[in-house]
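To start, the structure under review is shown below, and the notes come after it.
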Amino acid sequence: MASSQDAWYLSLLGLAEHFRTSSPPMIKLCIQCLQAVFNFKPPQRVEARTHLQLGNILLSHTKNIDLAKNHLEQAWLLSQVINSFDDVKFEAASVLAELYEQQEQISLSKPILRKAIELSQHNVYWHCRLIFQLAQIHATEKDYTLASSLLGVGVDYAHISNASYTRVLFLLSKGMLLLIDKKLQEVQPVLNQSGHLIETWTGAVYQKEYLKVYFLVLQVCHYLMAGQVKSVKPCLKQLQQSIQTIMATDDVFMGPSAGDMFLWMPKEHLYVLVYLVTVMHSMQAGYMEKAQKYTDKALMQIEKLKKLVMGNKTQALQEISSAAALCKQCPRLLETHGPQLHTLLGLYSMSMNCMEAAEAQFMAALNTSRERELWTFANLNLAIVYLRGKREADFVALHDGINPESLPSHSHSLRAAAYYVQGLQAFFQGRYNEAKRYLRETLKMANAEDLNRLTSCSLVLLGHIFLSLGNSRESMNMVTPAMQLASKIPDVHVQLWASAILKDLHRICGDTQRENEAYQRHVHFSQMLLTDHFQASQMPEHNLIMWTQGNFPANTTSSPSTSGVLL
């Protein structure tokens, strides 16, 4: 039977829980009851658990973060020396570390998690969870080497602990970080090992399908990062089949090990992610209407770039403005996604013929990013800005960053684009034979991986070259499929360009009817782009092109739209 002293604090704990679970919850009374527990000098276990309860409730129901932090610190301090007290000890460490991270005090998070990992080696669930948490912090700091090393420790620990499912989760997470770090050669062995473990899986079917989706997402991203759009198709098809299986199955994650209770993300989020990688594939393949179809369902970040290609500048500007608004609300988002925002603004500026602003935006992206692929992409677009401005010396200065023979990128599509830019330079300089050689290389690479926009641009530029050389038949052979592909994508700018060449070709051939049809199409596309250009230029958000650092210009960031910009 409990002593009278025990009865006091047990009654207070029971009363606090009653207030917490009331409908509606009576949080103030709950907190008062828990605080009253300390007046009775309870045992250390009760004191530690009460501090943890107060910390969690203050975090979730009040804005008193400092008081919550104080209680969590007390819970962690007291529970460290208590044996067999895992639920309080490691939850306190995990929640406190997460709170420090949110307050950008990561230097305080890491020692707590390291100590908790050291103390939790006998508890499979908490040991794995804390390793994941510490690895996430190192990944956030872009210390991918240390994060990957930690996940490797998790792989081995899960293996000896018979947590087979979590072993593969650790492996796949390591593969994901290697992809993020662009260590593409190191990724393949990790994916091969993961794929073998998944194929030979003898556990629950649901777990196998879940791991397969994670694995296939990484495989698809691996191919897309390498610019291999055609090669990705079988993996993408398997991925779409696996997600359907998961969505039709009840979640069952009960395994033989207590350490097998982790999710990479809920299946509803996985479903959206599959749409995202499908949009990415459609984008790289140049199928803009298909990308629109999946974007409408998943509402992904890629929406902003796609609208520029389709010649819808006003809508693109609204999406970019929404992205800027999200970054304005969260400085950390601006820090991590600022370079991408500058790149989008650079592309928008190019589409509006604001070349000085485009140059400033691409330079801002280059100065604020450490991503090799983004550097290459920005440099290639900067090269086009210089070509259009007849700034040959500035173009030559970029040579090492855009030379397709020594491109600092593993991406097939970026290398193909680099050949196109070289062809464009040769065309502007009247070196037509050299231009044709570069563009044929672009076509070969683009056709190999279904890079449809590069294909259409290369075909229409080749058509322009043949027209300039007086070879109208060969020009027609280039421009006709270019027009068909541009219509399929669709790409209004390429259609405008192609219709102008077709008009001249039909005039040379004496086909008045087709010449007039091509002329009407050219007028239609011109009017469409001019109207949209004027509307975009009148929007206050247009002034975002002047922003390269510091605060955003006034009235340029609209509220995040209902289309849900995801960064």
Side-chain angles (χ1 to χ4, degrees), residues 13 42-57 59-60 68-69 71-101 106 108-140 146-174 177 197 203-204 206-207 210-211 214 251-266:
L13 290 174
Q44 201 170 28
R45 284 172 175 264
V46 175
E47 186 179 356
R49 188 182 295 278
T50 305
H51 278 302
L52 176 60
Q53 287 175 298
L54 272 167
N56 281 331
I57 288 168
L59 271 184
S60 57
K69 182 165 63 177
H71 282 295
L72 291 168
E73 288 169 342
Q74 289 298 314
W76 168 233
L77 182 67
L78 291 167
S79 62
Q80 283 180 63
V81 295
I82 305 175
N83 293 325
S84 305
F85 203 44
D86 290 358
D87 57 336
V88 171
K89 186 184 305 181
F90 301 127
E91 184 182 346
S94 178
V95 176
L96 183 57
E98 187 176 354
L99 179 55
Y100 282 140
E101 187 184 1
I106 290 179
L108 298 178
S109 293
K110 289 186 283 190
I112 290 173
L113 290 172
R114 283 195 288 265
K115 179 66 174 178
I117 288 169
E118 178 190 330
L119 295 174
S120 64
Q121 292 185 43
H122 64 283
N123 187 310
V124 180
Y125 169 76
W126 275 110
H127 195 66
C128 290
R129 177 171 165 174
L130 292 163
I131 288 174
F132 274 127
Q133 189 172 350
L134 183 55
Q136 176 65 56
I137 286 177
H138 287 304
T140 301
L146 188 50
S148 295
S149 176
L150 260 173
L151 293 170
V153 170
V155 171
D156 296 337
Y157 176 82
H159 182 46
I160 62 173
S161 303
N162 294 318
S164 305
Y165 164 81
T166 301
R167 176 192 179 192
V168 183
L169 270 189
F170 273 121
L171 261 177
L172 292 170
S173 299
K174 183 176 180 179
L177 286 187
L197 290 172
Y206 185 88
Q207 288 182 324
Y210 185 90
L211 293 172
Y214 193 171
D251 300 25
V252 181
F253 270 88
M254 296 301 292
S257 169
D260 279 341
M261 299 297 290
F262 297 99
L263 278 174
W264 178 39
M265 59 177 67

[X] side, atom [atom1]; [Y] side, atom [atom2] - distance, nearest 0.5 Å:
X: Leu52; Y: Leu96; atom1: CG; atom2: CG; result: 10.5 Å
X: Leu54; Y: Leu59; atom1: CG; atom2: CG; result: 11.0 Å
X: Lys174; Y: Leu172; atom1: NZ; atom2: CG; result: 12.0 Å
X: Ile131; Y: Leu151; atom1: CD1; atom2: CG; result: 8.5 Å
X: Leu150; Y: His138; atom1: CG; atom2: NE2; result: 5.5 Å
X: Thr50; Y: His71; atom1: OG1; atom2: NE2; result: 10.0 Å

Distance-only, no hydrogens or angles: does the [X] side chain make a donor-acceptor pair with backbone N or O of [Y] under 3.5 Å?
X: Ser79; Y: Ala48; value: no
X: Gln133; Y: Ser94; value: yes
X: Lys69; Y: Leu99; value: no

With the side chain counted from C-beta on, respond yes when [X] and [Y] share a heavy-atom pair under 4.5 Å apart, and no when they do not.
X: Asp86; Y: Tyr125; answer: no
X: Asn56; Y: Glu91; answer: yes
X: Thr166; Y: Phe132; answer: yes
X: Phe170; Y: Tyr157; answer: no

Taking all non-hydrogen atoms of both residues, which atom of [X] and which atom of [Y] are closest, and how far apart?
X: Arg45; Y: Asn83; answer: NH2-O, 2.8 Å
X: His127; Y: Ser120; answer: ND1-OG, 3.0 Å
X: Ala97; Y: Ser109; answer: O-OG, 2.6 Å
X: Ala147; Y: Ala139; answer: CB-N, 3.9 Å
X: Lys89; Y: Trp76; answer: O-CE3, 3.5 Å

Original post:
Do you know which of Ile106, Ile112, Leu108, Leu113 makes side chain to side chain contact (heavy atoms under 4.5 Å, CB included) with Lys110?
Top reply: Ile106
Subject >> Ring geometry between Phe90 and Trp126 (parallel below 30°, tilted from 30 to 60°, perpendicular above 60°) >> reply: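 Trp126 vs Phe90 ring planes: tilted.
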Subject >> Under 3.5 Å side-chain donor-acceptor pair for Tyr214 and Ser173 >> reply: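 Ser173 and Tyr214 do have a side-chain donor-acceptor pair below 3.5 Å.
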